[in-house]
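What follows is a short report on a single structure.
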Amino acid sequence: MKKNILITGGAGFIGSHVVNLFVEKYSDYQIFNLDKLTYAGNLENLKEVESKSNYTFLKGDIVDESYINSIFFKYKFDAVIHLAAESHVDRSITNPNEFVFTNVIGTLNLLNAAKKSWANDFEDKLFYHISTDEVYGSLGDTGFFLEDTPYSPNSPYSASKASSDHLVRAYGETFKLPFVITNCSNNYGPNQFPEKLIPLFINNIITKKALPVYGDGNYTRDWLYVVDHAIAIDNVFHNGVEGETYNIGGFNEWKNIDLVTLLCDLMDAKLGLSKSTSRELITYVKDRPGHDLRYAIDASKIKKELGWEPSVTFEEGLSKTIDWYLDNDVWLSNIVSGTYKDYYKNQYETGNSN
Ligand code: NAD
Ligand code: DAU
């Protein structure tokens, strides 16, 4: 069925995988990618689809209410898949306001525009909000996040995401806006901006810079290959039950220090370096304030109800990811320049970050 679908944040890491998948797979959908192109947005991520007739790029800011209203009026979207966000925890500690503007007000603007545009006909309409497991706060050494785990966000980033989740749910309750929410664990893979752990450390190994491990390195994250997240989003978009939340995760927990040593060893092998060369770059640095100890998703609901599960093992995914960064050195060097240099200096070199 012909549909106009608005995907926000499609030039970013996860969004670009979602846009690429939808444009290639659904020729009867017109995909509108709305992105402000912040430091994290990169049109290079969309080269394969940019000339396709079912793809339209819209440069704009979700915080700009009149612009958002105007595109809903002009393009009469049938559905929204909302990924646009400020997404890096460390940046939320140094500049929380930007996170509230984009993640909270931006989401509110989209909800209002969808509500207005769909006012008389909610049939076949959907507001799909992409969220994170960080809204649940931190786990101790055991247990998992379930869909009904109470929200307990600890960083300005996760608080802003939690706030946006609540708004989406409230618009469903109050105005009957059809919605679905997914909360996913840490993603890794191609196109990720090298401020997040895995691409940052790959880049630092390539450029022989220190690998800044926060605190004692005994923090745990649950890692999912980004393509598997995009496949899950496709599944939930088409088969998810309206008003439901689904947790998405890889059942793949790693302590940071174990992941970093594995990454070092894989990089040594791929770069032809002698054993332990990259491990020598590991440097313990000041901890992240409010650092969540452990995230772990119980993804049984999406597996049981929608039949989704990860298709790529961590070893395969990490190997593919390293290969991608080694093959795309121009992509990487284009990014690691300009304002990113200032961010890096402030975060890791001045000693006054956090
Ligand atoms: P990202 O930072 O790589 O990309 C965000 C995109 O949003 C960029 O293209 C940016 O230009 C765009 N954007 C930012 N502010 C905007 C604004 N005001 N108006 C329009 N566009 C704007 O983020 P990501 O890692 O791809 O995350 C995408 C979504 O998935 C986010 O909502 C994030 O909270 C969520 N999420 C991320 C992860 C993860 O591990 N990266 C895990 C779970 C959920
Ligand atoms: O859990 C989902 C979330 O995963 C997403 O919602 C966020 O958008 C995404 O950024 C990610 O958040 P994290 O804070 O877990 O990811 P990050 O890559 O920043 O850090 C992963 C772990 O590595 C975390 O325990 C902090 C640690 N770390 C990170 C950096 C950047 C370091 O030890 N050193 C670093 O330099």
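Not measured: the values here are computed from a predicted model. Numbers here are sequence positions counted from 1. We count ligands from 1, going down the list as the structure has it; atoms in each ligand are counted the same way.
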Kindly identify the option in [options] whose heavy atom sits closest to [atom].
atom	options	result
atom 31 (C) of ligand 1	Ile14, Leu83, Leu37, Leu197	Leu83
atom 6 (C) of ligand 1	Ser160, Ser158, Gly9	Gly9
atom 17 (C) of ligand 1	Asp61, Asn183, Asn109, Asp64	Asp61

Under 3.5 Å between some N or O of ligand 1 and some N or O of [X]?
X	value
His82	no
Asn187	yes
Gly12	yes
Phe13	yes
Asn186	no
Ile62	yes
Asn42	no
Thr102	yes
Ser87	yes

Under 4.0 Å to a heavy atom of [X] - the qualifying atoms of ligand 2, by number:
X	result
Pro212	32 (C), 33 (O), 34 (N), 35 (C), 36 (O)
Lys196	10 (O), 18 (O)
Glu195	31 (C)
Leu200	36 (O)
Tyr295	1 (O), 15 (O)
Val213	33 (O)
His88	19 (O)
Thr132	1 (O), 2 (C), 3 (C), 5 (C), 6 (O)

Contact with ligand 1 for [X], non-hydrogen, under 4.0 angstrom:
X	answer
Ser185	yes
Gly106	no
Phe101	no

Residue part near ligand 1, for His229, under 4.0 Å between non-hydrogen atoms: neither

Side chain, backbone, both or neither: the part of Tyr157 lying under 4.0 Å from ligand 1 by heavy atom: side chain

N/O donor-acceptor pair under 3.5 Å between Asp268 side chain and Thr277 backbone: yes

Main-chain N/O of Glu86 paired to Asn103 side chain as donor or acceptor, under 3.5 Å: yes

Shared hydrophobic cluster, Leu293 / Tyr214 (ILVMFWY, side-chain heavy atoms < 4.5 Å): no

No-hydrogen, no-angle side-chain donor-acceptor test under 3.5 Å, Glu50 and Tyr55: no

Polar side chain donor-acceptor pair, Tyr171 to His166, under 3.5 angstrom: no

Can you report which non-hydrogen protein atom sits closest to [atom], along with the distance?
atom	result
atom 9 (C) of ligand 2	Ser87 O, 4.0 Å
atom 23 (O) of ligand 2	Asn256 ND2, 3.4 Å
atom 29 (C) of ligand 2	Tyr214 CE1, 3.6 Å
atom 36 (O) of ligand 2	Tyr348 OH, 2.6 Å
atom 14 (O) of ligand 2	Arg288 NH1, 2.6 Å
atom 21 (N) of ligand 1	Lys36 N, 3.1 Å
atom 44 (C) of ligand 1	Ser131 O, 3.1 Å
atom 8 (C) of ligand 1	Asp35 OD2, 3.6 Å
atom 1 (O) of ligand 2	Asp133 OD1, 2.5 Å

Proximal ligand 1 atoms for [X], defined as those under 4.0 Å from one of its heavy atoms:
X	answer
Gly41	8 (C), 9 (O), 11 (O)
Ala84	7 (O), 21 (N), 22 (C)
Thr38	10 (C), 11 (O), 14 (C), 15 (N)
Cys184	42 (C), 43 (C)

Salt bridge (Lys or Arg N to Asp or Glu O under 4.0 Å) between Lys303 and Glu309, worked out: CA-CA 6 Å; Lys303 182 176 177 188; Glu309 60 186 329; 3.4 Å; yes

[X] and ligand 2 - part of the residue with a heavy-atom distance under 4.0 Å:
X	value
Leu197	both
Asn186	both
Glu134	side chain

Output yes when [X] and [Y] qualify as a salt bridge under the 4.0 Å nitrogen-oxygen rule, no when they do not.
X	Y	value
Asp124	Lys3	no
Asp323	Lys270	yes
Lys36	Asp61	yes
Lys25	Asp234	yes

Non-hydrogen atom of His291 closer than 4.0 Å to ligand 2: yes

Contact with ligand 2 for Lys161, non-hydrogen, under 4.0 angstrom: no

Full working for salt bridge (Lys or Arg N to Asp or Glu O under 4.0 Å) between Glu195 and Arg91: CA-CA 10 Å; Glu195 63 186 353; Arg91 288 185 191 254; 2.6 Å; yes

Phe145 side chain near Val135 side chain, heavy-atom distance below 4.5 Å: no

Sub-4.5 Å side-chain heavy-atom contact between Ile81 and Leu6: no

Tyr219 N/O under 3.5 Å from ligand 2 N/O: no

Candidate pair Tyr136 and Tyr295, rule ring pair (Phe, Tyr, Trp, His ring centres under 6.0 Å), full reasoning: CA-CA 9 Å; Tyr136 299 123; Tyr295 304 146; 9.6 Å; no

